[in-house]
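Written out below as structure tokens is the structure these notes cover.
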Amino acid sequence: QVQVVESGGGLAQAGGSLRLSCAASGRTFSRSAMGWFRQAPGKEREFVAAVSWNGDNSVATDSVKGRFTISGDNAKNTVYLQMNKLKPEDTAVYYCAAKILGTRYSGSDYYTGRHEYDYWGQGTQVTVSS
């Protein structure tokens with residue numbers, strides 16, 4: 001079993017910054033790709049950013065490119081989402097997700113689909129005021 005715990009959400013003004021952290025525990029001997037998703041009230045959960053297990057590759061959705069950066073620390077089994085130039089439309093609950101790849105996985109893929117992930121955190125609220 002893997003536990004995924006997010007932290008770092010809160011209230012920010014438009015143009016401000018927040019940094020989200022996500023720590024995975026449990027089957028930490030296994031390699032894991034990580035991703036961030038968000039869900040605003042009344043909307044579907046949407047992909048935000050993802051990173052490969054080794055940090056070599058990452059991707060972000062168009063609406064956050066140039067503003068959000070995803071990064072990972074394999075030694076700490078932690079992934080971060082640095083959010084700059086925040087906009088009111090970034091307001092949502094942000095979820096971290098982990099995809100278990102196994103101990104012998106040697107690729108550098110990232111994953112953008114909700115259904116590709118195995119474990120999810122409980123979410124952290126991000127509210128951006130105008």
Side-chain angles (χ1 to χ4, degrees):
Q1 192 72 10
V2 174
Q3 293 76 45
V4 178
V5 180
E6 308 97 336
S7 61
L11 177 64
Q13 291 188 332
S17 298
L18 286 172
R19 189 192 196 204
L20 304 183
S21 299
C22 172
S25 62
R27 290 174 56 184
T28 54
F29 57 86
S30 179
R31 296 172 176 176
S32 303
M34 306 292 287
W36 286 98
F37 292 75
R38 67 185 180 185
Q39 188 167 17
K43 294 189 176 181
E44 293 284 324
R45 189 172 299 187
E46 65 174 0
F47 169 76
V48 177
V51 65
S52 61
W53 74 273
N54 55 9
D56 283 356
N57 292 321
S58 63
V59 66
T61 194
D62 286 346
S63 62
V64 307
K65 281 181 181 177
R67 301 188 299 120
F68 291 11
T69 302
I70 187 171
S71 60
D73 185 335
N74 286 339
K76 298 180 180 180
N77 293 303
T78 300
V79 64
Y80 306 96
L81 185 68
Q82 178 65 44
M83 304 186 295
N84 299 328
K85 300 179 182 179
L86 284 162
K87 302 177 180 180
E89 51 263 43
D90 295 320
T91 295
V93 177
Y94 283 70
Y95 296 90
C96 180
K99 177 177 177 64
I100 303 302
L101 300 169
T103 58
R104 297 183 180 183
Y105 177 78
S106 60
S108 296
D109 294 330
Y110 52 72
Y111 301 86
T112 62
R114 286 182 299 169
H115 302 295
E116 297 183 282
Y117 286 88
D118 303 303
Y119 297 95
W120 291 81
Q122 79 289 350
T124 185
Q125 177 70 46
V126 170
T127 303
V128 184
S129 62
S130 58

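Asn57 places no side-chain N or O within 3.5 Å of a backbone atom of Ser52 that could act as its donor or acceptor partner. Judged purely by atom type and a 3.5 angstrom limit, Arg38 has no side-chain atom pairing as donor or acceptor with the backbone of Ala92. Judged by distance alone, the side chain of Arg67 and the main-chain N or O of Lys85 form a donor-acceptor pair under 3.5 Å. Checking side-chain atoms of Glu6 against main-chain N and O of Gln122 turns up a donor-acceptor pair under 3.5 Å. In this structure, Trp53 contributes its side chain and Ser30 its backbone to no donor-acceptor pair below 3.5 Å. With hydrogens and angles disregarded, a donor-acceptor distance shorter than 3.5 Å links the side chain of Asp118 to the backbone of Ile100. Formation of a donor-acceptor pair under 3.5 Å by the Lys99 side chain with backbone atoms of Glu116 is found in this model.
Contact check for Val51 versus Ser71: no side-chain heavy atoms found under the 4.5 Å cut-off. Between Gln125 and Thr91, some side-chain heavy-atom pair lies under the 4.5 Å cut-off.
Ring-centre distance between Phe37 and Trp120: below the 6.0 Å cut-off.
Residue Tyr119 holds its OH atom at 11.0 Å from OG of Ser25, rounded to the nearest 0.5 Å. Taking CZ of Phe47 as the reference point, atom OG of Ser63 lies at 10.0 Å (rounded to 0.5 Å).
Each disulfide bond (SG atoms under 2.5 Å apart) pair with one or both residues in residues 101-130, not counting sequence neighbours, would appear here, but there are none. Among residue pairs with one or both ends in residues 33-68, none qualify as disulfide bond (SG atoms under 2.5 Å apart); sequence neighbours excluded.
The neighbour count for Gln13 CD, taken as heavy atoms of other residues, nucleotides or ligands under 6.0 Å away, does not exceed 12. Atom OH of Tyr111 has more than 12 neighbouring heavy atoms from other residues, nucleotides or ligands inside a 6.0 Å radius.
Put simply, Trp36 and Tyr110 are part of two different groups of oily side chains (I, L, V, M, F, W, Y) that touch within less than 4.5 Å, one to the next. Leu20 and Val64 fall within the same hydrophobic cluster, defined by Ile, Leu, Val, Met, Phe, Trp and Tyr side-chain heavy atoms under 4.5 Å apart, directly or through other members. Grouping the Ile, Leu, Val, Met, Phe, Trp and Tyr side chains by contacts below 4.5 angstrom, directly or via other members, places Tyr95 apart from Val126. Placement of Val79 and Leu18 within a single hydrophobic cluster is found when ILVMFWY residues are connected by side-chain heavy-atom separations under 4.5 Å, directly or transitively.
Between Phe68 and Tyr94, the ring-plane angle classifies as tilted under the 30° and 60° cut-offs.
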